[in-house]
Amino acid sequence: MEDRLRQLEILCQRLAETSGQVSVIAQSKLDPALSVSVGADLPIASASVIKVAIACTAADQAALGKLDLTQSIPKHTLNKTFYCSILEAFDAGDTLTLRALIGVMLIVSDNPATTAVLDAVGMDSVNRWCAANGMTDTNLSIGFDDVSLGPPLRANLTTASDCLTLLKAVDTQPAYAFIKRMLQNNLRNERIPKFLPDDARIAHKTGTLAGLVHDVAIVTSPAADYYLLVLADGLHDTATFASDVATVSEEIYKLMSA
């Protein structure tokens, strides 16, 4: 065990030594002693990782009868964006349920879909959900419309410790099972999942801004069961760091499978 723990520390530290602000947590679900964190309480811009908390807030409101996830929202009422959006695959007259928009928000991180979901649940409700669920160092003060993207979005802060709390909620609470399933179908798989085997299910959420590379994941396979979180901002070379995350992720998988 001591040797595996030391190897895990070396792998996590390898990512943390990159220039910028970097937080890493690797924690086995099968052996609590196999857990390493570096900079876990460092405040860092949450970027799109906070979308998971928005989804959980919607799930709780639906369970209380305060929100109808089957309600239909016309595509033409959704925010326009300068950026690419999967919603452009739909006709103006098409409608999507709120639940479907949550899926679009999580699976492809679509921002107009996120804005629609956030409008439905309310920003204050998301902050209350975070506080009530132990994410005490996380805040949501800026939305995901075009004006809010870039530097303004960095007003939304979190920590790797809070993100681990979030992942554990998604992983263990039945009310969030549909959210975990959506995260397992994430289409942005160039970081933590890139080199993992086909029989591994990775429920994860990325976050991307200029100089920022996040990926937080629940990794489950016949050989391994663990959480891996990487949050990084202030990077000089995001492409190289993303590649490093993929490489280290593969090594951590092998270590967790031993």
Side-chain angles (χ1 to χ4, degrees), residues 1-42 44 49 52 106 134-135 158-174 176-177 179-208 213-232 235 237-258:
M1 167 56 72
E2 289 185 6
D3 183 58
R4 292 174 70 202
L5 186 59
R6 178 57 183 154
Q7 291 179 58
L8 187 60
E9 289 173 346
I10 291 171
L11 289 168
C12 292
Q13 193 62 45
R14 187 193 305 174
L15 290 176
E17 288 173 352
T18 304
S19 62
Q21 297 177 307
V22 183
S23 302
V24 184
I25 298 177
Q27 184 176 107
S28 170
K29 289 196 282 180
L30 303 177
D31 187 349
L34 192 57
S35 177
V36 170
S37 64
V38 180
D41 297 318
L42 176 69
I44 197 163
V49 169
V52 181
L106 296 177
M135 296 177 66
T158 192
T159 64
S161 291
D162 275 11
C163 289
L164 178 59
T165 298
L166 177 60
L167 288 186
K168 287 182 175 180
V170 170
D171 193 25
T172 60
Q173 296 189 31
Y176 307 141
I179 296 172
K180 182 178 178 180
R181 186 170 64 253
M182 290 171 175
L183 293 173
Q184 287 175 331
N185 287 278
N186 192 332
L187 294 181
R188 299 186 173 184
N189 295 313
E190 293 300 305
R191 297 172 190 173
I192 288 174
K194 186 172 184 178
F195 298 129
L196 300 192
D198 291 342
D199 63 356
R201 297 300 303 274
I202 303 98
H204 74 116
K205 184 71 193 75
T206 59
T208 305
V213 171
H214 294 347
D215 204 357
V216 299
I218 307 163
V219 180
T220 307
S221 79
D225 199 4
Y226 61 97
Y227 302 105
L228 178 58
L229 303 91
V230 181
L231 305 178
L235 301 171
D237 186 346
T238 56
T240 296
F241 184 79
S243 179
D244 290 344
V245 169
T247 300
V248 169
S249 172
E250 181 182 28
E251 293 301 313
I252 288 176
Y253 181 86
K254 292 176 181 175
L255 191 61
M256 291 291 188
S257 304

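Atoms considered below: every heavy atom in the structure, side chains included; atoms not considered: hydrogens, waters and symmetry mates.
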Do the non-hydrogen side-chain atoms of L229 and L167 ever get within less than 4.5 Å of each other?
yes
Report yes or no: does N186 contribute a side-chain atom to a donor-acceptor pair with the main-chain N or O of M182 at less than 3.5 Å?
no
By side-chain contact (heavy atoms from CB on, under 4.5 Å) - contacts of S35 (at least two apart):
Q27
Of the non-hydrogen atoms in I25 and A40, which two are nearest, and what is the gap between them?
CD1-CB, 3.9 Å
Summary of side-chain hydrogen bond (donor to acceptor under 3.5 Å, both in side chains) pairs that have at least one residue in residues 238-252, sequence neighbours excluded
D237-T240
Using salt bridge (charged side-chain N to carboxylate O under 4.0 Å, His left out) as the criterion, list what pairs up with K29, not counting sequence neighbours.
D171, D225
Listed by chain and number, what are the side-chain contact (heavy atoms from CB on, under 4.5 Å) partners of A223, not counting sequence neighbours?
S221, Y253, S257
Report the residues that fulfil side-chain contact (heavy atoms from CB on, under 4.5 Å) with S28, sequence neighbours left out, ordered by chain and then residue number.
L30, D31, L34, M256
side-chain hydrogen bond (donor to acceptor under 3.5 Å, both in side chains) with E9: which residues, sequence neighbours excluded?
R6
Considering only distance and modelled atom types, tabulate donor-acceptor pairs under 3.5 Å from the side chains of residues 14-21, sequence neighbours left out.
residue, atom, partner, partner atom, Å
T18, OG1, L15, O, 3.0

Those residues at least two apart in sequence (or on a different chain) that pass side-chain hydrogen bond (donor to acceptor under 3.5 Å, both in side chains) with S161 are D41
Under 3.5 Å, sequence neighbours excluded: what are the donor-acceptor pairs made by side chains of residues 191-205?
residue, atom, partner, partner atom, Å
R191, NH1, G207, O, 3.1
R191, NH1, T208, OG1, 3.3
R191, NH1, H214, O, 2.9
R191, NH2, T208, OG1, 2.8
K194, NZ, E190, OE1, 3.4
R201, NH2, Q184, OE1, 3.3
H204, ND1, D215, OD1, 2.7
H204, ND1, D215, OD2, 3.3
H204, NE2, N189, OD1, 2.7
K205, NZ, S109, OG, 2.9

